[in-house]
Engineer: 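Below you'll find the structure I mean.
As the structure lists them, so they are numbered: ligands from 1, and atoms in each ligand from 1. The model shown is predicted, which means the values in this text are computed figures rather than measured ones. Hydrogens, waters and symmetry mates are skipped; everything else that's a heavy atom, side chains included, is used. One is the number of the first residue; the rest follow in order along the sequence.
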Amino acid sequence: MDKTYFIETYGCQMNVYDSEFIADLLSMKGYSRAASPEDASVVLINTCSVRARAERKAITRVQQLVALKRSGRPAYIGVIGCMAQRLGSDLEKAGCRVDLILGPDTYLDLPQIIDGLENRDGPFVDIGQDPACLYSLKPRVHDSVTAFVTIMRGCNNFCSFCIVPYVRGRERSKPLGEVVAEVEHMVGLGVKEVTLLGQNVSSYCGDGTDFASLLRRVSDIEGLRRIRFTTSHPRDLTPEVIEAMRELAKVCEHLHLPLQSGSDRILKIMNRGYTYGQYRDTVELARSRVPGLALTTDLMVGFPSEDDADHEATLQAVKDIAFESAFTFKYSARPGTRASELEDDVPDAEKTRRLQEILGIENRMIDACKQSLAGQEVEILVEGASKREEGYLTGRTRKNWLAKLPAKGVRKGEVVVARVTGVSRWMITCDKVLLKGGGLI
Ligand code: SAH
Ligand code: SF4
Ligand code: F3S
């Protein structure tokens, strides 16, 4: 068998990081990346379980690949990640006759496991959970000027709707020294911006170091220009983290703080551990201490028993807080979670209506926010050539907005200050580069 692999990744940034870890592991064992599944001997699908739809999508894709395999290529198909953890051998019943089923804590042995697949009858399944499992990613090459660095895995919060604590296991933090070594390694490969990842970074505790201290330590790394992090849990975000954001020039003024619902009654059944009032207080503190802070959030509609008054409270929260952007989801019952014991009593059409209503308000707010940017100066980290428009480069502002700028005289990896000359909902255009090297907060 030739040693070629192809990985398809679904779900959150945690999975993106894990896929990169696996790619590096395989390349150390002599594998090379294939351009498509047809060109690969091993195809891995890294899956997500967070909503039923995410699983359906992955299952459909696996079925397509299984059909492809019948024509001789690829030789092996593996389902890995959160859905593999949740379904294990039951994947076969879901029409996924694959060769390999691996949960998120079992990737270290992957090359040896693939070597052992040849004479097997039936899939190799390992969904064992390892409460100490942490991966360290130090690839030899990295094409992008941005990188994810996972600083913790798992989650202890057990929000009643959420499958993550079941499929990802208990929360554990990567030791401080390892996080720093990883970031330094990535900076050595040309990375200018890191995003520190965890399901709840505010509760990071590596070797007794809290998240605010971690930010300070990472910020000392020479050559690194920007630091982002996600996700912060509203209950655990400390004033110390907010102070670190204020003081450290490298930490971008962007906070993703999932609210989920504006109704205290629903927040309580969700087991989120805060009231809307407490959430607002945190937002007020953050906005008062970190000038120009961009606040984004996650919202869920149609949680069991959510009525018009609860939904109204969420709409009001969206208007009051004026998030720079929001991810909005319809509640999806996940087997084994506490909420799945409650009746999923909001009809799908009503969930759609509530979602649209939130999106309508949110989109108007995003537009207003973008309009106000016209003529202003923003700092952009240039990430590479625009895929859509020749002669343009794209990058992100400190607030994480996508921006494009003329390619002339500017290179990937540079931090520039540019004037905003055009805005649309998802992209800002900067036709004038004012300053190279950055410096604007
Ligand atoms: N750890 C992060 C969120 C991880 S999941 C946090 O605590 O915020 C990302 C988002 O998916 C959640 O914020 C939530 O809005 C949504 N989500 C999680 N479980 C869901 C479910 N069962 N149905 C619909 N949306 C869900
Ligand atoms: Fe899920 Fe809650 Fe943990 Fe986020 S904090 S991963 S929503 S259980
Ligand atoms: Fe999905 Fe697993 Fe992430 S369930 S959201 S890929 S941790």
Side-chain angles (χ1 to χ4, degrees), residues 8-19 45-58 79-87 102-105 127 129 133 135 148 150-172 196-204 229-237 255-262 266-267 269-274 279 295-304 306 314 323 326-342 344 346 348 351-352 354-355 358:
E8 245 172 61
T9 307
Y10 297 89
C12 67
Q13 293 116 320
M14 299 275 177
N15 268 9
V16 175
Y17 178 91
D18 287 357
S19 289
I45 303 105
N46 197 354
T47 57
C48 173
S49 254
V50 82
R51 283 168 288 276
R53 214 173 120 175
E55 289 198 349
R56 277 199 301 273
K57 202 165 139 189
V79 181
I80 63 174
C82 300
M83 183 180 76
Q85 183 69 43
R86 194 179 84 75
L87 294 176
L102 293 180
D105 291 349
I127 52 169
Q129 290 187 301
C133 172
Y135 301 125
F148 294 132
T150 296
I151 61 166
M152 54 209 294
R153 291 173 75 86
C155 183
N156 287 348
N157 283 326
F158 289 93
C159 302
S160 64
F161 51 79
C162 186
I163 196 77
V164 171
Y166 302 90
V167 290
R168 287 272 174 171
R170 291 297 62 72
E171 179 184 293
R172 60 265 185 190
L196 306 175
L197 296 180
Q199 294 298 351
N200 180 10
V201 291
S202 343
S203 73
Y204 174 83
F229 55 88
T230 195
T231 303
S232 309
H233 193 292
R235 186 200 52 212
D236 297 327
L237 183 71
L255 187 61
H256 185 65
L257 202 62
L259 169 64
Q260 312 299 357
S261 168
I266 295 291
L267 285 172
I269 326 174
M270 285 178 165
N271 192 32
R272 286 292 286 180
Y274 53 84
Y279 182 93
L295 188 75
T296 58
T297 200
D298 292 347
L299 298 164
M300 192 186 298
V301 297
F303 185 82
E306 185 187 70
T314 303
F323 297 104
F327 294 103
T328 325
F329 308 103
K330 287 193 225 176
Y331 168 72
S332 162
R334 308 312 295 131
T337 59
R338 286 205 353 249
S340 71
E341 292 161 22
L342 307 169
D344 187 3
V346 180
D348 189 61
K351 286 181 186 166
T352 305
R354 291 180 190 175
L355 196 79
I358 295 181

Engineer: Say whether, by atom type as modelled, one donor and one acceptor occur between the side chain of Arg172 and the main chain of Cys133 under 3.5 angstrom.
Structural biologist: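 Between the backbone of Cys133 and the side chain of Arg172 there is a qualifying donor-acceptor contact (under 3.5 Å).
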Engineer: So if I count the atoms of ligand 1 from 1 in the order they appear, which ones are less than 4.0 Å from some heavy atom of Arg334?
Structural biologist: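 So the answer, numbered in order with elements, is 22 (N).
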Engineer: A side-chain contact here means heavy atoms from C-beta on lying under 4.5 Å apart; do Gln199 and Glu171 qualify?
Structural biologist: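 Sidechains of Glu171 and Gln199: no contact.
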Engineer: Contact between Thr47 and Val79 at the side-chain level, heavy atoms closer than 4.5 Å - yes or no?
Structural biologist: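 They are in side-chain contact.
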Engineer: N/O/S of Cys159 less than 2.8 Å from atom 2 (Fe) of ligand 2?
Structural biologist: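 It does: Cys159 brings an N, O or S atom closer than 2.8 Å to atom 2 (Fe) of ligand 2.
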Engineer: Taking only heavy atoms of Arg168, which atoms of ligand 3 are found under 4.0 Å from at least one of them?
Structural biologist: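 In order of number, 7 (S).
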Engineer: Give me the nearest non-hydrogen protein atom to atom 23 (N) of ligand 1 as residue plus atom name, then the distance to 0.1 Å.
Structural biologist: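 For atom 23 (N) of ligand 1, the nearest protein heavy atom comes out as Ser332 N, 3.0 Å.
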Engineer: Are Met300 and Pro258 side-chain neighbours, meaning at least one heavy-atom pair lies under 4.5 Å?
Structural biologist: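 Side chain of Met300 against side chain of Pro258, heavy atoms only: no contact under 4.5 Å found.
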Engineer: If you count the atoms of ligand 2 from 1 in the order shown, which ones are under 4.0 Å from a heavy atom of Pro165?
Structural biologist: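 Contacts of ligand 2 toward Pro165, numbered from 1: 8 (S).
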Engineer: What is the closest protein heavy atom to atom 6 (S) of ligand 3, and at what distance does it sit?
Structural biologist: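 Going by distance alone, atom 6 (S) of ligand 3 is nearest to Asn15 ND2, 3.3 Å.
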Engineer: Determine whether the side chain, the backbone, both or neither of Phe161 has a heavy atom under 4.0 Å from any heavy atom of ligand 1.
Structural biologist: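 Phe161 to ligand 1: contacts from backbone and side chain alike.
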Engineer: May I ask which of Gln199, Met270, Lys330 has a heavy atom nearer to atom 1 (N) of ligand 1 than the others do?
Structural biologist: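 Selected option, by shortest heavy-atom distance: Gln199.
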Engineer: Identify which of Arg51, Arg53, Arg168 has a heavy atom lying nearest to atom 16 (C) of ligand 1.
Structural biologist: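 Selected option, by shortest heavy-atom distance: Arg51.
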Engineer: State the atoms of ligand 1, each with its element, that fall below the 4.0 Å cut-off from a heavy-atom position in Asp298.
Structural biologist: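 What qualifies from ligand 1 is 9 (C), 10 (C), 12 (C), 13 (O), 15 (O).
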Engineer: Are any of the heavy atoms in Met14 under 4.0 Å away from ligand 3?
Structural biologist: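 Per 4.0 Å heavy-atom rule, Met14 does not contact ligand 3.
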Engineer: Could you tell me how the ring of Tyr279 sits relative to the ring of Tyr274: parallel (under 30°), tilted (30 to 60°) or perpendicular (over 60°)?
Structural biologist: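 Rings of Tyr279 and Tyr274: tilted, 30 to 60°.
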Engineer: Among protein heavy atoms, which sits nearest to atom 5 (S) of ligand 1, and what does the distance come to when rounded to 0.1 Å?
Structural biologist: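 Looking at atom 5 (S) of ligand 1, the protein heavy atom closest to it is Val50 CG2, 4.0 Å.
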Engineer: Is it true that, when you exclude Lys330 itself, more than 12 heavy atoms of the residues, nucleotides or ligands shown sit nearer than 6.0 Å to its NZ?
Structural biologist: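 More than 12 heavy atoms, drawn from other residues, nucleotides or ligands, come within 6.0 Å of this atom.
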Engineer: Out of the candidates Arg51, Lys351, Arg53, Gln260, only one should pair with Phe329 under the side-chain contact (heavy atoms from CB on, under 4.5 Å) rule; please name it.
Structural biologist: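 Going through Arg51, Lys351, Arg53, Gln260 one by one, the side-chain contact (heavy atoms from CB on, under 4.5 Å) with Phe329 is satisfied by Arg51 alone.
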Engineer: Within the distance-only criterion (no hydrogens, no angle test), does the side chain of Thr314 pair as donor or acceptor with the backbone N or O of Gly262 below 3.5 angstrom?
Structural biologist: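 Between the backbone of Gly262 and the side chain of Thr314 there is a qualifying donor-acceptor contact (under 3.5 Å).
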Engineer: So, for Ala52 and Ser332, which heavy atoms are closest and what is the spacing to 0.1 Å?
Structural biologist: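 Nearest pair, atom of Ala52 first, then Ser332: N-OG, 2.9 Å.
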Engineer: Please state which protein non-hydrogen atom is closest to atom 3 (Fe) of ligand 3 and give its distance, to 0.1 Å?
Structural biologist: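 Protein heavy atom with the smallest distance to atom 3 (Fe) of ligand 3: Cys12 SG, 2.3 Å.
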Engineer: Does Arg168 come within less than 4.0 angstrom of ligand 2, counting non-hydrogen atoms of the residue?
Structural biologist: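 Arg168 does not count as a contact of ligand 2 under the 4.0 Å cut-off.
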Engineer: Output the list of atoms in ligand 2 that are nearer than 4.0 Å to some heavy atom of Arg272, sorted by atom number.
Structural biologist: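 Under 4.0 Å from Arg272, ligand 2 has these atoms: 2 (Fe), 7 (S).
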Engineer: Go through Thr230 and Gln13 one step at a time and tell me if the side-chain hydrogen bond (donor to acceptor under 3.5 Å, both in side chains) criterion holds.
Structural biologist: CA-CA 9 Å; Thr230 195; Gln13 293 116 320; 5.3 Å; no
Engineer: With a 4.0 Å heavy-atom cut-off (strictly under), which part of Pro258 contacts ligand 1: side chain, backbone, both or neither?
Structural biologist: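 The answer is the side chain.
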Engineer: Keeping the roles fixed (side chain from Asn46, backbone from Asn15), state whether a donor-acceptor pair exists under 3.5 Å.
Structural biologist: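 The answer is yes, because a donor-acceptor pair under 3.5 Å joins these two groups.
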Engineer: When you look for heavy atoms under 4.0 Å from ligand 3, do you find them on the side chain of Cys82, its backbone, both, or neither?
Structural biologist: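 Near ligand 3, Cys82 shows its side chain, while the N, CA, C and O stay back.
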Engineer: Hey, is Val164 one of the residues with a heavy atom under 4.0 angstrom from ligand 1?
Structural biologist: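 Outside the 4.0 Å threshold, so no.
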Engineer: For ligand 2, is any non-hydrogen atom under 4.0 Å from Pro258's backbone (N, CA, C, O), its side chain (CB onward), both, or neither?
Structural biologist: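 Looking at Pro258 and ligand 2, no heavy atom falls under 4.0 Å.
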Engineer: Give the contacting part of Phe158 toward ligand 2: side chain, backbone, both or neither, where contact means a heavy-atom distance below 4.0 Å.
Structural biologist: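 The answer is the backbone of Phe158.
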Engineer: What part of Arg272, side chain, backbone, both or neither, has a heavy atom within less than 4.0 angstrom of ligand 1?
Structural biologist: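 For Arg272, the contact with ligand 1 is made by the side chain alone.
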Engineer: To the nearest 0.5 angstrom, please state how far the SG atom of Cys159 sits from the CZ atom of Arg272.
Structural biologist: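 It comes to 4.5 Å.
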Engineer: Please report the shortest heavy-atom distance between Tyr166 and Arg338, naming the atom on each side.
Structural biologist: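 In this case the closest contact between Tyr166 and Arg338 is OH-N, 4.4 Å.
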Engineer: Hey, does Ser49 sit under 4.0 Å from ligand 3 if you only count heavy atoms?
Structural biologist: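 For ligand 3, residue contact (heavy atoms, under 4.0 Å) with Ser49 is present.
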Engineer: Less than 4.0 Å is my threshold; does some heavy atom of Asn200 fall inside it relative to ligand 1?
Structural biologist: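 It does not; every heavy atom stays at 4.0 Å or beyond.
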Engineer: Identify the protein heavy atom lying closest to atom 3 (Fe) of ligand 2, giving its residue, its atom name and the separation to 0.1 Å.
Structural biologist: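 It is Cys155 SG, 2.3 Å.
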Engineer: Give the residue, atom name and distance (to 0.1 Å) of the protein heavy atom nearest atom 1 (Fe) of ligand 3.
Structural biologist: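 Here the nearest protein heavy atom works out to Cys48 SG, 2.3 Å.
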Engineer: In terms of residue, atom name and distance, what is the protein heavy atom nearest to atom 14 (C) of ligand 1?
Structural biologist: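 The answer is Gln260 OE1, 3.4 Å.
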Engineer: Would you say His233 and ligand 1 have an N/O pair spaced under 3.5 Å apart?
Structural biologist: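 N/O-N/O distance below 3.5 Å does not exist for this pair.
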Engineer: Distance under 4.0 Å to a non-hydrogen atom of Tyr331: what atoms of ligand 1 satisfy this?
Structural biologist: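 Atoms satisfying the 4.0 Å criterion: 23 (N), 24 (C).
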Engineer: Measure across Ser232 and Leu255 and return the closest heavy-atom pair with its distance rounded to 0.1 Å.
Structural biologist: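 So the two residues come closest at OG-CD1, 3.8 Å.
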Engineer: Do Asp18 and Arg153 sit within salt-bridge range, that is, some charged N less than 4.0 Å from a carboxylate O?
Structural biologist: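 Salt bridge present between Asp18 and Arg153.
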Engineer: I'd like to know whether ligand 3 has Gln199 as a neighbour, heavy-atom separation below 4.0 Å.
Structural biologist: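 Yes, Gln199 has heavy atoms under 4.0 Å from ligand 3.
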Engineer: Would you say His233 has an N, O or S atom lying under 2.8 Å from atom 3 (Fe) of ligand 2?
Structural biologist: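 No N, O or S atom of His233 is closer than 2.8 Å to atom 3 (Fe) of ligand 2, so no.
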Engineer: Considering only protein heavy atoms, which is closest to atom 5 (S) of ligand 2, and at what distance to one decimal place?
Structural biologist: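 Going by distance alone, atom 5 (S) of ligand 2 is nearest to Asn157 ND2, 3.2 Å.
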Engineer: To which protein heavy atom is atom 1 (Fe) of ligand 2 closest, and what is the distance rounded to 0.1 Å?
Structural biologist: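 I find the closest protein heavy atom is Cys162 SG, 2.3 Å.
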Engineer: What I'd like to find out is whether the side chain of Leu342 reaches to under 4.5 Å of the side chain of Ile269, using heavy atoms alone.
Structural biologist: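 Leu342 vs Ile269: side chains touch.
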Engineer: Taking everything shown except Phe158 itself, do over 12 heavy atoms lie less than 6.0 Å from its CZ?
Structural biologist: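 More than 12 within 6.0 Å, yes.
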